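Because the structure is predicted, anything quoted here is derived from the model rather than measured.
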Amino acid sequence: KAHNRMIEGAPVNVKDYGAKGDGATDDTAAIQAAIDYAGALVTGGSEVIVPAGVYWITSTIVMVNTNVTLNFAQGSRFKATAAMTNMLEMGDGVNRKEDIQIIGAPYFDANNLASYCIKERGTRISGVMDGYFQNFSEYAIFSEPSTVDFSEFFIVSRCQSFDGKGFFKHLATGPTPYNGRGTDFYIKENTCFRPTEWFAFIDTAQRFHFTNNMVGSQTNAFLGGINITASDTNTTSTVTAEHVINGLYVESNATYSAGIIGVNVTNTSTTKTIQGCKASNILVQPANSVTIVKLNTPTVAYTIRAFEVGNVDAKAGFANSIIVQANVAWTRILSSNFQGTAIGFINDSGLYTVINGSMEIASGKSAPVTQGDTGDLIRNTSNDSYWTKDSVGAFKQIGHGTIVYSETRDLPSIASGGNLILSITVAGVTLGDYAQVAFELSLSGLIVSAYCRTGLVGISIYNPTAGAIDMASTTMRILVTKH
């Protein structure tokens, strides 16, 4: 019988090598033989066709040759029928291989026997398209680059995964700055259903691009969207940088959404900095005490720097916080388009947050002295004062700070011609500051004045009318402008 394999470079059919695809025969060896033949062609590789059918897999299939494409016909499926870590591996984990592709309609059923459906092991210009993955215990796709080289230009697009811990995981393993690390990965238009951890978990990598991905579950709790971290596994790499997240949708019902994080960035390393990353167009809903973007460095040795955030949204009606950050330097908020209720910025580090070209200091420092670009409007949130950095690099205060205070108090009746004097303790007030006071009730006919002393605001309420006026219970608000 003549086969396409007799023609150099022609597509190779796994059934020409004995694969049955009948859902009852172990097809592992036949599929491996077809892949090996395609990879050994003198012309530099070929396409391996997987016709419709269910192919039993009892051990890991490997694609270790350059220029090999595994093309799944509609209705074809690989099904694990024995315990294994990975159903299929791309690359050999030693030398970097190029142009290894999985395309068509790849369907991997781990059958609760495999940890990962696909493992990438140090490839270049390779990828997985239009895949469907289910019944795995870890992540659908796992990237652990070669120990002597790095993975580069790896694409995962238009895939779906069900269950397991999540969709994509990357770990750096190599001993030198570039080896053992992924760079220029493109993860776009994928969907992850019913995970227990993250859509993606990225450790010590560079230039990962996430575009228009979705993660959600209505039946179990999970951690969130994308987790970026730096650890000391890759001992001499000093930076994990330039990740771009543009379009991420995280969904769960109210029962399972508590604590969900859209984008989580955590640096636990003592040798690395996470820097130059961007996150935009992030939507989390439904939400229940949700954090859309969290930046955190539990240890202070190294940090997260130059992280940009813009266009984030959470379903209204829940308590949402946009940024929670600790020991994080130079976070730039690119857009004011933040939706949701109780939106807030929490900065435990005393470092700098830039909002629309302005800088906010949440530290209680008396003046900014180390950071800022020329022309930035800089706000010190300890006293609400404003500063700018001029053309010669000097910081100048251009606006006076303010202090806001409020309390609810049951005020007595004021007799005709009477004068009620209140002395309110307000931290940060000094002699010469200017105070204004307002009450949540009608003050018709009364004359109210306020003055400042060190630590105190004095309020005088005079009744010039012919009769007594009952003040009753009210909320009193004080605004102090620093001199």
Side-chain angles (χ1 to χ4, degrees), residues 143 166-172 181-183 185 187 195 197-211 213 215 222-234 237-250 259-284 290-314 320-335 338 343-355 362:
S143 171
F167 178 73
F168 186 90
K169 183 176 184 177
H170 171 276
L171 293 180
R181 182 176 74 175
T183 183
F185 275 44
I187 316 297
E197 290 187 356
W198 303 96
F199 169 82
F201 181 97
I202 309 299
D203 181 6
T204 315
Q206 187 164 349
R207 292 193 300 273
F208 271 52
H209 300 258
F210 296 91
T211 306
N213 296 289
V215 57
F222 63 103
L223 300 178
I226 296 172
N227 184 72
I228 297 172
T229 186
S231 68
D232 289 320
T233 305
N234 185 302
S237 178
T238 58
V239 65
T240 176
E242 301 172 29
H243 303 306
V244 177
I245 301 166
N246 183 12
L248 174 66
Y249 179 60
V250 182
I260 282 179
I261 301 173
V263 176
N264 184 61
V265 184
T266 303
N267 190 355
T268 61
S269 171
T270 59
T271 62
K272 299 176 181 65
T273 298
I274 299 176
Q275 67 183 44
C277 302
K278 300 179 181 180
S280 61
N281 301 312
I282 314 298
L283 171 62
V284 180
V290 65
T291 301
I292 298 180
V293 179
K294 181 176 183 179
L295 311 177
N296 184 37
T297 56
T299 59
V300 298
Y302 276 70
T303 188
I304 301 168
R305 297 182 60 84
F307 200 103
E308 297 183 353
V309 182
N311 297 331
V312 293
D313 191 357
N320 312 311
S321 59
I322 300 301
I323 304 289
V324 177
Q325 52 181 325
N327 304 319
V328 176
W330 278 100
T331 298
R332 183 174 293 272
I333 311 303
L334 290 179
S335 172
F338 299 114
I343 290 175
F345 302 91
I346 302 173
N347 188 336
D348 298 326
S349 67
L351 294 175
Y352 304 93
T353 299
V354 180
I355 304 177

TODO: Of all the heavy-atom pairs spanning I260 and V250, show the shortest one and how long it is.
DONE: CG2-CG1, 3.7 Å
Task: Sub-4.5 Å side-chain heavy-atom contact between I228 and I245 - done: yes
Open item on the list: Rounded at 0.5 Å granularity, tell me how far NZ in K169 sits from CG in D203.
Closed with: 9.0 Å
Task: Closest non-hydrogen atom pair, I274 against T266 - done: CD1-O, 3.8 Å
Open item on the list: Could you tell me if N227 and T229 have a donor-acceptor pair between their side chains, going purely by distance under 3.5 Å?
Closed with: no
TODO: Answer yes or no: is there a side-chain heavy-atom contact under 4.5 Å between V265 and C277?
DONE: no
Task: Heavy-atom pair with the smallest gap, counting every atom of F201 and L171 - done: CE2-CD2, 4.0 Å
Task: Heavy-atom closest contact (P195 atom, F222 atom, distance) - done: O-CB, 3.2 Å
Open item on the list: Tell me the closest heavy-atom pair linking T204 and A230, and the distance in Å.
Closed with: OG1-CA, 3.8 Å
Open item on the list: Quick check: do I202 and F185 have side-chain heavy atoms less than 4.5 Å from each other?
Closed with: no
Task: ring pair (Phe, Tyr, Trp, His ring centres under 6.0 Å) involving F168 - partner list, sequence neighbours excluded - done: none
Open item on the list: Distance check, rounded to the nearest 0.5 Å: T211 atom OG1 versus N281 atom CG?
Closed with: 10.0 Å
TODO: Determine the interplanar angle of the H170 and F208 rings, folded into 0 to 90°, and report it as parallel if under 30°, tilted if 30 to 60°, perpendicular if over 60°.
DONE: perpendicular
Open item on the list: Tell me every residue that passes side chain to side chain donor-acceptor pair (under 3.5 Å) with E242, counting only those two or more places apart in sequence or in another chain.
Closed with: none
Open item on the list: What I'd like to find out is whether the side chain of I226 reaches to under 4.5 Å of the side chain of W198, using heavy atoms alone.
Closed with: no
